[in-house]
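Scroll down for the structure; my scribbles are underneath it.
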Amino acid sequence: MATAYYQSPLGLLIIQGSEKGISSIHWSNEGNRKNQTPELLHDCVSQLEAYFKRERFTFTLQLDWSGATDFDQQVWKYLLTIPYGKTVSYSDVAQAIGSPKGVRAVGAANGRNPIPIIVPCHRVIGKNGDLVGFSGGLDVKSKLLEIERPLEFGRQGQLF
């Protein structure tokens, strides 16, 4: 398993992956940590850098969801279809994957997403437009949405 540390505009990200693909991204409180990015993770770091500069709107990376349940993978695959700058509700995701009563299960799967940003769980919000649940914290979720929609985010009623 290769590990890279990327100092994003929203904090230090720890990226892990193997030949199978990217397996996790999470925020760290370790401060600014430098390391040589393993060749295996160069593309991921460069795509994240471009995303934060608003130069990349989709990611083209292999993802490794080994060990995840079929339901979680179904939710995460749907998250990959949510366009840059758009938001949907947990209810919308549940409907789209054929589990209309599974809103809470969708929320739980969203919360277990090991690859935030690339698998854009930050684009899923409450049915009433509220920001709810995010592994990096709601302030980070808000900033990610603001990166994607700088002129519209924050205006009442503009998230859908």
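Along the sequence shown, residues are numbered consecutively beginning with 1. Model, not experiment: these values are computed from the prediction.
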Test log, rule side chain to side chain donor-acceptor pair (under 3.5 Å), inputs Q74 and D70: CA-CA 6 Å; Q74 183 180 18; D70 291 342; over 6 Å; no
Applying the side-chain contact (heavy atoms from CB on, under 4.5 Å) criterion to I118, which one of T60, L63, L79 satisfies it?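 With I118 as partner, T60, L63, L79 yield a single side-chain contact (heavy atoms from CB on, under 4.5 Å), made by L63.
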Out of the candidates I15, I25, L41, only one should pair with Y6 under the side-chain contact (heavy atoms from CB on, under 4.5 Å) rule; please name it.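 For Y6, the side-chain contact (heavy atoms from CB on, under 4.5 Å) check succeeds only for I15.
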Provide the full list of salt bridge (Lys or Arg N to Asp or Glu O under 4.0 Å) pairs with a residue in residues 101-126, sequence neighbours left out, each pair given once.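 Applying salt bridge (Lys or Arg N to Asp or Glu O under 4.0 Å) to every pair that reaches into residues 101-126, excluding sequence neighbours, yields D72-R112, R123-E148.
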Evaluate the side chain to side chain donor-acceptor pair (under 3.5 Å) criterion for residues S142 and D139: first the C-alpha distance (whole Å), next the side-chain angles of each, then the deciding distance (0.1 Å), finally the verdict. CA-CA 5 Å; S142 175; D139 57 328; over 6 Å; no
Using side-chain heavy atoms (C-beta onward) and a distance below 4.5 Å, is [X] in contact with [Y]?
X    : Y    : result
V93  : V75  : yes
H26  : L13  : no
Y78  : V106 : no
K77  : W65  : yes
I125 : K141 : yes
P116 : H122 : no

Can you classify the ring geometry of F59 versus Y51 as parallel (below 30°), tilted (30 to 60°) or perpendicular (above 60°)?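 Ring orientation, 0 to 90° scale: tilted.
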Mind checking whether L144 and L80 sit in one hydrophobic cluster, side chains of I, L, V, M, F, W, Y counted as touching below 4.5 Å?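 Linked, L144 and L80 end up in one cluster.
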Where do L138 and G133 come nearest, in terms of heavy atoms and distance?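 The pair with the smallest heavy-atom distance is CD2-N, 3.5 Å.
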Write down the atom of A4, the atom of T37, and the distance for their closest heavy-atom approach.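 Reported closest heavy-atom pair: CB-CG2, 3.9 Å.
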Between CD of E49 and CD of Q7, what distance do you get to the nearest 0.5 Å?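 With rounding to 0.5 Å, CD (E49) is 11.5 Å from CD (Q7).
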Is the backbone of S18 close enough, under 3.5 Å, to the side chain of D64 for a donor and an acceptor to pair up by distance?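 No: the side chain of D64 does not pair with the backbone of S18.
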Short question: side chain of Q47, backbone of R56 - any donor-acceptor pair under 3.5 Å?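 No, the answer is negative, given that no donor and acceptor are paired below the 3.5 Å cut-off.
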Does F57 have any ring-ring contact (aromatic ring centres under 6.0 Å, His included) partners at least two apart in sequence or in another chain, and if so, which?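 Y84.
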Under the ring pair (Phe, Tyr, Trp, His ring centres under 6.0 Å) rule, what do W76 and F71 come out as? Steps first, then yes or no, please. CA-CA 9 Å; W76 301 338; F71 182 81; 9.8 Å; no
Starting from the C-alpha separation in whole Å, work towards a yes-or-no answer on side chain to side chain donor-acceptor pair (under 3.5 Å) for Q16 and T3. CA-CA 5 Å; Q16 293 187 308; T3 301; 3.2 Å; yes
